Amino acid sequence: MVKVVKFGGSSLASAEQFKKVSEIIKSDSARRYVVPSAPGKRFSDDTKVTDMLYECYALASKGKEYKSVLEKIKQRYNDIINELGLSINLDKEFDIMESCFIGKAGRDYAASRGEFLNGMVLADYLGYEFIDAAEVIFFDDNGNFDIDTTNEILSERLSNIENAVIPGFYGSMPNDTIKTFSRGGSDITGSIVAKAVKADLYENWTDVSGFLIADPHVVNEPKVIKTITYKELRELSYMGATVLHEDAIFPVRKEGIAINIKNTNAPDDEGTLIVESTSKKPDYTITGIAGKRGFTAISIEKDMMNSELGFGRRILEVFEKNGISFEHMPSGIDTMSVIVQQDEFEKKEQEVLAGIHRNTNPDSIDIESDIALIAVVGRGMKSTRGTAGRIFSALAHAHVNVKMIDQGSSELNIIIGVKDEDFVKATNAIYDIFVKTRV
Ligand code: ASP
């Protein structure tokens, strides 16, 4: 059994957290490959080391005063080293880093040092080999992640190593410069390593006990999702559920490697298991609810629209030409609505309206802003009758007016549009009917 374990920034924010991490790793000999993030926040208004590195680089590369920020960064690592009683000394690394900052080695290089240095400290503490991600994770000339080269070199390199620490978040370009993934990208590195060693499980350790059925800022103490499929997760992540970087699922998904989201501060909690597919019956008909505010619906009306060939295409062409992607497109016989993100639309509003008039000569165009979209997601919905009915009766009881309904063809999700101000009420009504009353 081989497990790859990734620890997020808050799991490695202090010496105390390092101790918990070590205990977790050492309690299971299958946990052979470790991917750390940079030290994160120790308390809510603390600053992540990655953010300090961006700031320090911006100052140093512009010739401004950067030493005080640099000192704070050094202090973060030295506190961890000293409190753990380690003998590792990062002075040489800090000197190299400082001269590279002044020499404008790039923002990505700067940010990557957070993981690089934390990886060195963690490897020293665990007594594991340290592998610089620049030697095993590769991007192509265009800056896209090169999965084939990476997989070949990384699996070869790890094949003879029993235990290793590989820092997350970065790799190297063909010209040897450092490139990072987008923010939160250590999750992706963990997934790449899991694929390379053909791991049995990819454990992603963070500060929550898994994905919650709904956003805890919207629903009071929502329950944890025990098992979720990759497809369900994708739907929920798109609508704003964050815990895992969206791109982290691609490397492991095709390999059939499950991801287990676990809590460093409560290691006995089961967490959430993310799988390709499962025969396990979900606990509830729905797996999760997620939503976003800030959409606009543009509704176009024209008599005999349905018999006009190419009408839909001509409408969408206008949005495409203005660089606006659409989220949904519910339609009736003589009406059609296009739902788009409000901030994208506002900038191009008049161009879009003029374009629709020119392209389709409609009877009327109506614009409604401040719409929230709520995605109700669940593999269990396919085999259950009356799910939509239950959602709408719950919303009616809560006095929420439904603006739009869209059921995905996979029957995995139902998207509901409501006014922004009804978002919290609507989400709670749906949560209550499926989870609290458990039908
Ligand atoms: N340290 C990086 C960030 O703050 C990457 C990560 O934590 O995954 O975004």
Side-chain angles (χ1 to χ4, degrees), residues 4-14 17-18 20-21 33-58 69-70 72-74 76-77 80 90 93 97 101 105-123 130-134 136-137 139 143 145 150 165-172 178-195 202-208 211 233 237 240-252 259-265 274:
V4 169
V5 287
K6 180 258 167 179
F7 289 90
S10 57
S11 301
L12 292 164
S14 63
Q17 292 298 89
F18 265 67
K20 292 185 196 167
V21 165
Y33 304 105
V34 184
V35 176
S37 281
K41 293 185 180 189
R42 294 160 294 183
F43 39 87
S44 65
D45 357 314
D46 200 9
T47 312
K48 285 173 145 200
V49 164
T50 309
D51 292 316
M52 293 201 269
L53 286 163
Y54 281 125
E55 190 193 347
C56 186
Y57 180 74
V69 187
L70 182 63
K72 278 193 209 149
I73 297 169
K74 288 185 182 174
R76 288 291 306 263
Y77 288 101
I80 295 171
L90 296 178
E93 299 301 335
M97 183 174 106
F101 278 22
R107 271 186 103 234
D108 282 15
Y109 166 80
S112 75
R113 296 306 87 185
E115 272 67 13
F116 175 79
L117 297 169
N118 221 23
M120 288 182 101
V121 177
L122 185 61
F130 172 75
I131 298 179
D132 184 356
V136 288
I137 306 274
F139 294 85
F145 171 57
T150 299
V165 173
I166 307 116
F169 192 37
Y170 72 94
S172 60
I178 297 288
K179 165 131 185 80
T180 63
F181 293 108
S182 56
R183 294 298 303 264
S186 298
D187 286 342
I188 310 174
T189 309
S191 184
I192 293 164
V193 174
K195 176 185 161 84
Y202 167 25
E203 286 180 345
N204 188 295
W205 291 81
T206 175
D207 52 8
V208 288
F211 280 94
L233 179 62
S237 305
T242 52
V243 167
L244 186 72
H245 192 297
E246 246 198 290
D247 293 343
I249 60 178
F250 298 109
V252 285
I259 305 177
N260 195 180
I261 306 288
K262 296 276 286 176
N263 188 349
T264 302
N265 305 319
I274 311 166

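As the structure is a prediction and not an experimental result, all values here were calculated from the model. What's counted below: heavy atoms across the whole structure, side chains too, no hydrogens, waters or symmetry copies. Just so you know, ligand 1 is whichever comes first in the structure, and atom 1 is the first atom listed for that ligand.
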Can you see which heavy atom on S186 is nearest to which on V35, and at what distance?
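The answer is O-CG1, 4.0 Å.
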Tell me whether the rings of F130 and F116 are parallel (<30°), tilted (30 to 60°) or perpendicular (>60°).
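F130 and F116: perpendicular rings.
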Y57 and D108 side chains, donor-acceptor separation under 3.5 Å:
no
Taken in chain and number order and not counting sequence neighbours, the residues that satisfy ring-ring contact (aromatic ring centres under 6.0 Å, His included) with Y202 are none
Would you mind listing each N/O atom of ligand 1 next to any protein N/O under 3.5 Å, plus the distance?
| residue | atom | partner | partner atom | Å |
| --- | --- | --- | --- | --- |
| ligand 1 | 1 (N) | T50 | OG1 | 2.8 |
| ligand 1 | 1 (N) | E115 | OE2 | 2.7 |
| ligand 1 | 4 (O) | K48 | NZ | 3.1 |
| ligand 1 | 4 (O) | T50 | OG1 | 3.4 |
| ligand 1 | 4 (O) | R183 | NH2 | 2.9 |
| ligand 1 | 7 (O) | S37 | OG | 3.1 |
| ligand 1 | 8 (O) | G184 | O | 3.4 |
| ligand 1 | 8 (O) | G185 | N | 3.3 |
| ligand 1 | 8 (O) | S186 | N | 2.9 |
| ligand 1 | 8 (O) | S186 | OG | 3.0 |
| ligand 1 | 9 (O) | R183 | NE | 2.7 |
| ligand 1 | 9 (O) | G184 | N | 2.8 |

What residues, two or more places apart in sequence or in another chain, satisfy salt bridge (Lys or Arg N to Asp or Glu O under 4.0 Å) together with K262?
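In terms of salt bridge (Lys or Arg N to Asp or Glu O under 4.0 Å), with neighbours along the sequence ignored, K262 is linked to no residue.
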All pairs passing salt bridge (charged side-chain N to carboxylate O under 4.0 Å, His left out) where residues 180-189 contributes a residue, at least two apart
K6-D187, D51-R183
